[in-house]
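Some notes on the structure that comes next.
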Protein chains: 2
Amino acid sequence: MLVVGEKINASRKKIAQAIEEKDAYFIQKEARAQVEAGADHIDVNAAPFMEKEGEYLQWLVRIVQEAVNKPLCIDTPNPNAAVAALKLHKGKAMINSITGEKESISSFLPLLKEVGCSVVALCQDDMGIPLTLEDKVRVASRVIEDLVGEGIDLNNIYIDPLVQPISTDSESVAIALDTIEEIMSRYPGVHTICGVSNVSFGLPLRRQINQTFIVLAMQRGLDAAIVDPFDRQLMANILTTRTLLGNDEYCLNYIDAYRRGKI
Amino acid sequence: MLVVGEKINASRKKIAQAIEEKDAYFIQKEARAQVEAGADHIDVNAAPFMEKEGEYLQWLVRIVQEAVNKPLCIDTPNPNAAVAALKLHKGKAMINSITGEKESISSFLPLLKEVGCSVVALCQDDMGIPLTLEDKVRVASRVIEDLVGEGIDLNNIYIDPLVQPISTDSESVAIALDTIEEIMSRYPGVHTICGVSNVSFGLPLRRQINQTFIVLAMQRGLDAAIVDPFDRQLMANILTTRTLLGNDEYCLNYIDAYRRGKI
């Protein structure tokens, strides 16, 4: 399970302020704390700054990788901003995200082919966000096949089923979970990823929803998630689910996490 | 999801003492608190008292049903004790438990046929407790078919796959989960039940393990569990899983539980 830490996102007021003030200390502290909490990748997002996004994203890549030895998840819908950020990135980056929309694929393809980074592909096309299992699988399959047809390695593709909030439709999560299982079994080697917090939008005790969702999704094959790594219960649930599903021989990781005070 | 509250069990020292002293107040308080916490059935167990078990079990049935308007789960391996307790029970009781051992089935059959109670059937036969998926499904299937062949309604049978502690074998939980799914799909109408706390035996932070296991098991079809209803996080996870799996229209149960301070 790949844990992408979501905290360095300019939609958060404190982060936006730190970016504008070029407060490297604050950003680096946030990056280190996420790694300490268990993040494998660090998401960096400066999208709200519009025309300054590219410049800020480059700054973020540089100073975050100064602080932590982890790959970044370069979070932008803008291929130009992505290209510039990728040039500074050390190691294998993840681009977050493309969609199945024609323009999105064609504008990102050159850099995906050149750099060999991994990419989050949202389950969305020119018709919008599909809501049924059948449509979600169809859109995801087309994106996967388009990318693979262009020479992108299946292992570099992370499909996000775009789970809709359970508050808007009581079937939405079941559909996303079925989509995850279907995609993972139909394309062995591909990955699935979710922005977990969307599930709980509009409900009280959102963390309780997110913490339960991640367990359900991992059982269906989800192998990456964009989460708040400071949510200790969520991180404990990821670890425990891994153990219970048989991926932790002698429970060594579980016991080690307990001894280190992580759970 | 049927929640059986496990607290009135004479293997707990305080409960054993209250039973010996015929401290109805203490037992009734424990019963009410479990119902308040969300238990649908109340387990009553006096097995450690051996020759006095029958007498004590009758007393428990009488005083617990005085206090709460819920069916009991009469927890004894002894058919004579079960018969006497059933005579006093109001409503439809659950017997916990029989096994697939020849003697167990034959000694409990007359009362199961006569009373029409439901019954927990452990996945165990004269060869012991099966450990592989294939053996678990084979033993469970035989118990189900034997009982149904004798006229017991499928709806009254609760198969317990006897999940082994994850600390003893990292595959044990995956096997139990597969067993649950296989039994539920092979015999539509049958139920599955787990004594959840066994999963975490031998590990630190046992509740964390139990709380995660219940989410995984519910997704595979588990529809009853013997649990500690005072574990608030576990009860919250049961409720949230129900909501996320699409069984809570408009999230009304979730929101109601939040408003009542249950989660």
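The basis for the numbers below is simple: all heavy atoms, side chains too, and nothing from hydrogens, waters or symmetry mates.
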Option in [options] with maximal non-hydrogen atom pairs under 4.5 Å from chain B:
options	value
A:Arg259, A:Glu249, A:Arg220	A:Arg220
A:Leu244, A:Asp248, A:Val215, A:Leu205	A:Leu244
A:Leu216, A:Thr168, A:Val173	A:Leu216

Got a second to check how far [X]'s [atom1] is from [Y]'s [atom2], nearest 0.5 Å?
X	Y	atom1	atom2	result
B:Tyr258	A:Gln208	OH	CD	12.5 Å
A:Leu203	B:Thr240	CG	OG1	9.5 Å
A:Thr212	B:Leu245	OG1	CG	10.0 Å
B:Tyr254	A:Ile209	OH	CD1	3.5 Å
A:Cys251	B:Asp169	SG	CG	9.5 Å

Non-hydrogen atoms of chain A under 4.5 Å away: do they reach the side chain of B:Ile263, the backbone, both or neither?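 Both parts, backbone and side chain.
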Whatever's closer than 4.5 Å to a heavy atom in chain A on B:Thr243 counts as both
Open item on the list: Below 4.5 Å, heavy-atom pairs only: which of B:Ala174, B:Ser170, B:Pro204 has the largest tally toward chain A?
Closed with: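 Sorted descending by pairs with chain A, the first entry is B:Pro204.
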Point to revise | Closest-packed option against chain A by number of heavy-atom pairs under 4.5 Å, given B:Gln233, B:Gln219, B:Met218 | key: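 Answer, by heavy-atom pair count under 4.5 Å with chain A: B:Gln219.
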Does a sphere of radius 6.0 Å around [atom1] in [X] hold more than 12 heavy atoms from other residues, nucleotides or ligands, not counting ones at 6.0 Å or beyond?
X	atom1	result
B:Lys92	NZ	yes
A:Asn155	CG	yes
A:Glu145	CD	yes
B:Glu134	CD	no

